[in-house]
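Let me begin by presenting the structure, written as structure tokens, before commenting on it.
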Amino acid sequence: MSINPERYLKSLHDLRQFGASGIGKGVIRPAYSDTDIAARKWLADQMREAGLTPHFDPVGNLFGLADGPSILLGSHSDSQPEGGWLDGALGVMAALEVARSADVPVSVVSFQDEEGRFGVTTGSAIWSGNLSLEQAEGLKDHAGVPFAQARACLGDLAGEFVDPAQFSGYIEMHIEQGPTLDAEGEQIGVVTEIVGIRDMKITFDGQQNHAGTTPMHLRRDAFQALSAFNTELNDRFRNVVTPRTVWTIGHVSLHPNASSIVPGRVTFSMQWRDGDGDRLNRMEKIVRATASDIASKKAIEVGFGPLLGLEPVAMDMKLQAALVSAAEKVAPGKWRKMPSGALHDATNVAELMPVAMLFVPSIGGISHAFEEDTDEADLVAGLHVLSGAVNSLS
């Protein structure tokens, strides 16, 4: 069989119907939601039709297994709370199309909770051993739902963990989620390395009080502590970070979150990313010291949640070379080597086997939003590069 671009594009649109937002091509398909589980059951049927054996592991990672040793392709199919139709889904459906037509045995995977409802790339982190199942069971999402409770929805679907020894390597196709390829009019990015990440929750505990009668100089306002922390942190990072370093306070929970009450507690996410592991560690020290200093000045308490994270990972040179060769054939002069500023399941899988990644453009550099999109010609070009690379490995 040969690659069928029309079938591949149709499969992407079919998957989008699970959790379609009604706004553009947006998708709402968070990990372990009813729509996520329904999509995974549908994916299992697609794998079976492609001649693969579908298998759910204890945390919901879905594998489509070829007979005997094979190369593993895929990504994830869960989405952000407000996500796009291609983030993760592209890599899964491209993998399935290649599995149908490749000259070598190909297995397919859709990892669970890559988007971090319960942490950082939860499903692949557990499969790779970067996070034990026992540790994961204690994780909770922002609504306080325990990981163990969420994965219980798998019921009888859950089986044993898949033995990684049967796979010779892993290639993940993904949208860039940034502006470089789109801005430069290029079709393919061959990834050289993936940045590392650190993520933890921080809590400031002050004193809840009356907003009308408590003088400003006597307040122990938790939100004012967060505001001061954010400003101070940016200043302290100045001589440590590079233009590629990023950090984000992305989720804030204020208590009691009422107009006429001085906030007594704030819990927020603190995340930072860089390609240098030593720099990530130095940033951690600054984060902790800054929060502690602000707490002391404001006469409040500070608490730190578990530090989650992954180290920077270089892509395998052999797999990378196969992608380079295929990119030059499919998109001569319209491809480049580039790092990944976003985190991917390939980071975890690198603990088990050689890994590589390729990117296709994101229109306007937009991702993790309903507006996320890629030109269909670029989606097809990426498919041909993935297929060419896999077949060359035979």
Side-chain angles (χ1 to χ4, degrees), residues 114-116 118-122 124-125 128-132 135-136 138-139 142 176-180 191-205 222-253 266-315 337-351 355 357 368:
E114 192 273 354
E115 297 293 8
F118 290 96
V120 179
T121 58
T122 314
S124 60
S128 69
N130 275 330
L131 176 67
S132 72
Q135 289 174 308
L139 299 175
H142 290 311
E176 181 194 348
Q177 301 181 284
T180 302
V191 178
T192 53
E193 68 267 347
I194 303 173
V195 299
I197 186 173
R198 300 288 187 272
D199 189 292
M200 69 177 172
K201 291 181 180 178
I202 301 175
T203 298
F204 285 130
D205 273 305
F223 186 80
Q224 289 296 323
L226 170 57
S227 178
F229 168 81
N230 182 57
T231 301
E232 182 71 15
L233 186 68
N234 290 344
D235 186 62
R236 293 192 186 190
F237 274 166
R238 183 173 293 119
N239 294 324
V240 176
V241 300
T242 74
R244 286 193 174 273
T245 312
V246 295
W247 59 97
T248 307
I249 297 174
H251 184 274
V252 176
S253 178
V266 64
T267 299
F268 58 97
S269 64
M270 183 68 230
Q271 184 186 103
W272 58 104
R273 308 186 191 207
D274 193 86
D276 186 302
D278 289 339
R279 182 174 292 110
L280 290 171
N281 293 336
R282 280 184 284 161
M283 292 174 73
E284 179 193 350
K285 292 179 181 178
I286 293 172
V287 167
R288 292 182 184 274
T290 303
S292 297
D293 290 347
I294 293 298
S296 178
K297 292 177 183 177
K298 300 287 186 181
I300 63 177
E301 301 296 323
V302 62
F304 300 96
L307 179 68
L308 304 176
L310 295 167
E311 297 303 311
V313 170
M315 300 294 96
K337 290 186 176 182
M338 62 188 304
S340 172
L343 194 66
H344 300 285
D345 290 307
T347 298
N348 291 309
V349 182
E351 296 285 334
V355 302
M357 290 194 70
H368 285 187

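Count residues from 1 along the sequence. Only heavy atoms go into these numbers, but all of them, side chains included; no hydrogens, no water, no symmetry mates.
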Looking only at heavy atoms, the pair that brings A225 and I294 closest together is O-CG2, 3.5 Å
What class does the angle between the rings of F268 and F204 fall in, given that below 30° is parallel, 30 to 60° is tilted and above 60° is perpendicular?
-> tilted
Side-chain heavy-atom pair D276, T242 within 4.5 angstrom cut-off = no
Verdict with supporting geometry, H344 and V191, side-chain contact (heavy atoms from CB on, under 4.5 Å) = CA-CA 11 Å; H344 300 285; V191 178; over 6 Å; no
Any ion pair linking R282 and D274 (charged N to carboxylate O, less than 4.0 Å)?
-> no
Under 3.5 Å: donor-acceptor pair, side chain of T290, backbone of V287 | no
Only one of I202, D293, L307 forms a side-chain contact (heavy atoms from CB on, under 4.5 Å) with R288, so which one is it?
-> L307
Would you please test H251 and K201 for side-chain contact (heavy atoms from CB on, under 4.5 Å) and show each step?
-> CA-CA 9 Å; H251 184 274; K201 291 181 180 178; over 6 Å; no
If you round to the nearest 0.5 Å, how far is CG of D235 from CZ of R238?
-> 4.5 Å
Mind jotting down which residue pairs meet the ring pair (Phe, Tyr, Trp, His ring centres under 6.0 Å) criterion with at least one end in residues 271-307? Sequence neighbours excluded, please.
-> none
Is a side-chain N or O of T231 found less than 3.5 angstrom from the main chain of S227, in a donor-acceptor match?
-> yes
Side-chain heavy-atom pair M270, L233 within 4.5 angstrom cut-off = yes
For V241, does its backbone N or O pair with a side-chain atom of R279 as donor and acceptor, under 3.5 Å?
-> no
Atom CE in M200, atom CD in E284: separation rounded to 0.5 Å?
-> 6.0 Å
Say you draw a straight line from CZ of R273 to OG1 of T245; how long is it, rounded to the nearest 0.5 Å?
-> 12.5 Å
Any donor-acceptor N/O pair, T192 side chain to K337 backbone, under 3.5 Å = no
Stepwise salt bridge (charged side-chain N to carboxylate O under 4.0 Å, His left out) test for E311 and R198 | CA-CA 9 Å; E311 297 303 311; R198 300 288 187 272; 2.6 Å; yes
For side-chain contact (heavy atoms from CB on, under 4.5 Å), just list the numbers for L310 and I197, CA-CA rounded to whole Å, side-chain angles, deciding distance to a tenth of an Å, and then say yes or no.
-> CA-CA 5 Å; L310 295 167; I197 186 173; 4.2 Å; yes
CG on N281 to CD1 on I286, rounded to 0.5 Å = 11.5 Å
Exercise: identify the closest heavy-atom pair between G250 and S269 | N-OG, 3.2 Å
To the nearest 0.5 Å, what is the distance between CG (N130) and OG1 (T347)?
-> 9.0 Å
Please identify each residue that fulfils side chain to side chain donor-acceptor pair (under 3.5 Å) with E193, with sequence neighbours left out.
-> none
Here the pair of heavy atoms bringing A342 nearest to I194 is O-CG2, 3.5 Å
How far does CG of L308 sit from CG of L131, to the nearest 0.5 angstrom?
-> 7.5 Å
Exercise: identify the closest heavy-atom pair between V313 and A350 | CG1-CB, 3.6 Å
Closest heavy-atom contact between V302 and A291?
-> CG2-CB, 4.0 Å
Closest non-hydrogen contact found for E301 with A295 is C-CB, 4.3 Å
With the side chain counted from C-beta on, respond yes when P339 and R244 share a heavy-atom pair under 4.5 Å apart, and no when they do not.
-> yes
